[in-house]
**Q** 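Encoded as structure tokens, here's the structure I'll be asking about.
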Amino acid sequence: MTAKADSSPSGAAPGARSLHRFANPGRFLRASARVQVWLWVAAALVLGAGLVWGLFLSPADWQQGQTVRIMYVHVPMAWLAMGGYTALAVASIMSLIWRHPLADLFARELSPVGALVTALCLATGSLWGRPMWGTWWVWDARLTSVLVLFFLWLGHAALTRAFEDQERGARVGAILALVGIVNIPIVKFSVDWWNTLHQPASVTRLDAPGMHVDILYPLLTCALGFSLLFGAVVLARTRAAVMERRIRALQLARARREEAAGA
Amino acid sequence: MSHTFFITASYALVLLGFGALVLDAARRHAAAKRLLAELDPRGDRP
Amino acid sequence: MTRKKRRLYILLLCGLGLGSATALTLTAFQDNLVFFRSPSDIMREAPPANRAFRLGGLVEAGSLERGTGADGKPTANFRVTDGAHVIRVSYAGVLPDLFREGQGVVTLGMMQPDGIFRAREVLARHDETYMPPEVADALKRAGHWNPAQGAAPPPAEWNTAPRRGG
């Protein structure tokens with residue numbers, strides 16, 4: 001434990017150095033161009049297959065009936081909301097410690113997507129809860145902590161855009177994101193720590209998944225498909241943001257040249 | 001309200017949400033790429 | 001010490017402080033974070049009179065009696081158990097789809113002086129078991145499981161997914 005803690009700062013440095021290669025915007029744009037095409041194609045194929053499987057080919061549940069199909073969109077949204085937030089926290093660490101400029105842009109482009117995904121998780125959960133539990137919403141620990149996660153995403157999106165100085169906005173947003181990371185284990189373990197209306201985890205149980213494979217496999221396919229699409233969207237937004245920054249710099253330089261020529 | 005309503009509403013919301021995300025990202029990406037090509041025809045671009 | 005290293009240590013220190021503060025707060029508010037109380041909780045510590053609270057547990061097998069109230073509304077009487085203790089519940093209104101004997105429920109209401117919990121809201125609690133109807137029927141036929149008696153047998157017995165962990 002001690003050895004691990006001691007080695008982590010120096011151990012992380014080479015990785016960070018290699019990541020700094022992508023701080024060069026031209027290199028990042030070239031390297032990600034092909035990745036992006038493959039991401040879009042893979043997302044379309046996997047998600048298409050997963051949705052058809054989940055919506056038409058998979059069996060109903062013995063007690064939920066057809067309503068179990070809502071899970072094929074609800075659970076991937078929940079996983080993306082939490083996984084995406086973890087990625088935001090990693091980007092925030094890179095931003096605060098190594099001042100990685102690409103991490104700032106990535107975080108800024110990630111949070112609106114994360115907020116939407118979390119909102120979709122809450123909405124689809126509500127649409128499942130009404131017929132199954134008998135209520136749209138309860139204030140149990142799971143639902144409340146996911147609502148807090150939604151506000152953290154929204155807060156990050158708003159805060160990074162609230163400052164004239166973009167770097168300052170990124171710094172403040174990164175601090176918010178890292179403070180909010182305490183909520184992630186609370187979301188995950190709320191169903192084990194306290195009794196809640198929301199059911200405990202089915203897929204990540206220690207012994208065997210509590211979900212029959214005929215339901216589990218379409219769920220995993222949908223989850224992979226949505227993750228690929230999420231990745232493709234965030235990558236496209238980040239690439240657009242890198243190009244927009246370059247455009248602003250070029251326009252500024254041109255305006256200065258014209259000013260100098262005029263004077 | 002039957003279960004069909006809840007299932008349809010869930011899938012519709014998710015598809016609309018992601019559809020909007022994809023369209024917005026693609027539009028922004030294409031616009032930035034075009035403008036960059038205009039401003040800097042020889043620069044390092046994707 | 002480089003500036004990067006100093007920033008890393010500051011961040012680690014803040015994380016440690018924030019983490020322990022959160023853990024302490026959550027432990028302190030433990031009682032307010034639970035959504036419902038089990039019959040055993042209520043036996044151990046009687047709830048304050050005339051205060052609504054949530055009672056949760058399984059609907060005991062063979063305890064459900066449906067009827068129709070004087071106003072034509074459906075009524076239900078059943079017992080909620082957590083294995084150790086049992087509380088009788090009466091409710092007037094429509095029960096959710098998932099409600100059945102052996103299912104988890106969370107009810108909101110007040111304890112009456114006669115020891116019956118009068119619920120004004122009944123929510124069904126879903127467990128973490130998902131299976132196609134044929135699998136459930138096969139388990140019931142083989143005598144491995146009676147849904148009215150409680151949860152399904154461990155998934156390792158019926159799920160063909162590769163086992164993980166220990």
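Here is how names work: the chains are called A, B, and so on, in the same order as the sequence lines, proteins then strands, and each is numbered from 1.
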**Q** Using non-hydrogen atoms only, which part of Val117(A) is less than 4.5 Å away from chain B: side chain, backbone, both, or neither?
**A**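 Answer is side chain: those atoms of Val117(A) sit under 4.5 Å from chain B.
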**Q** Is Ile247(A) in contact with chain B via its backbone, its side chain, both, or neither, using a 4.5 Å heavy-atom distance?
**A**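 Backbone plus side chain of Ile247(A), per the 4.5 Å heavy-atom cut-off to chain B.
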**Q** Please classify the contact of Met77(A) with chain B as side chain, backbone, both or neither, using a heavy-atom distance under 4.5 Å.
**A**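 When you check distances to chain B, only side chain atoms of Met77(A) fall under 4.5 Å.
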**Q** Return yes if a side-chain donor-acceptor contact under 3.5 Å exists between Arg130(A) and Thr135(A), otherwise no.
**A**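 No - no donor-acceptor pair under 3.5 Å links their side chains.
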**Q** Judged by modelled atom types alone, do Tyr11(B) and Thr124(A) share a side-chain donor-acceptor pair under 3.5 Å?
**A**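 Result is no, nothing qualifies.
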**Q** The test is side-chain hydrogen bond (donor to acceptor under 3.5 Å, both in side chains); show your working for Ser111(A) and Trp153(A) and say whether it passes.
**A** CA-CA 6 Å; Ser111(A) 47; Trp153(A) 276 119; over 6 Å; no
**Q** Could you tell me which portion of Gln64(A) (side chain, backbone, both or neither) has an atom closer than 4.5 angstrom to a non-hydrogen atom of chain B?
**A**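 Neither the backbone nor the side chain of Gln64(A) comes within 4.5 Å of chain B.
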**Q** Compute whether any side-chain donor of one residue and acceptor of the other, for Arg69(A) and Gln66(A), lie under 3.5 angstrom apart.
**A**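 The answer is yes; a qualifying pair exists.
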**Q** Can you tell me which of Arg34(A), His74(A), Gln36(A) forms the most heavy-atom pairs within a distance under 4.5 Å of chain B?
**A**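 Between Arg34(A), His74(A), Gln36(A), the count favours Gln36(A).
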**Q** Need one label for Trp40(A): side chain, backbone, both or neither, based on atoms under 4.5 Å from any heavy atom in chain B.
**A**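 Trp40(A) touches chain B through side-chain heavy atoms alone.
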**Q** In terms of side-chain geometry, is the basic nitrogen of Asp24(B) or Arg237(A) positioned less than 4.0 Å from the acidic oxygen of its partner?
**A**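 Arg237(A) and Asp24(B): salt-bridged.
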**Q** Check Thr160(A) against Gly173(A) and note the closest heavy-atom contact, atom names and distance.
**A**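 In terms of heavy atoms, the two residues are closest at CG2-CA, 3.9 Å.
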**Q** Where does Ala241(A) contact chain B at under 4.5 Å (heavy atoms): side chain, backbone, both or neither?
**A**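 Both parts, backbone and side chain.
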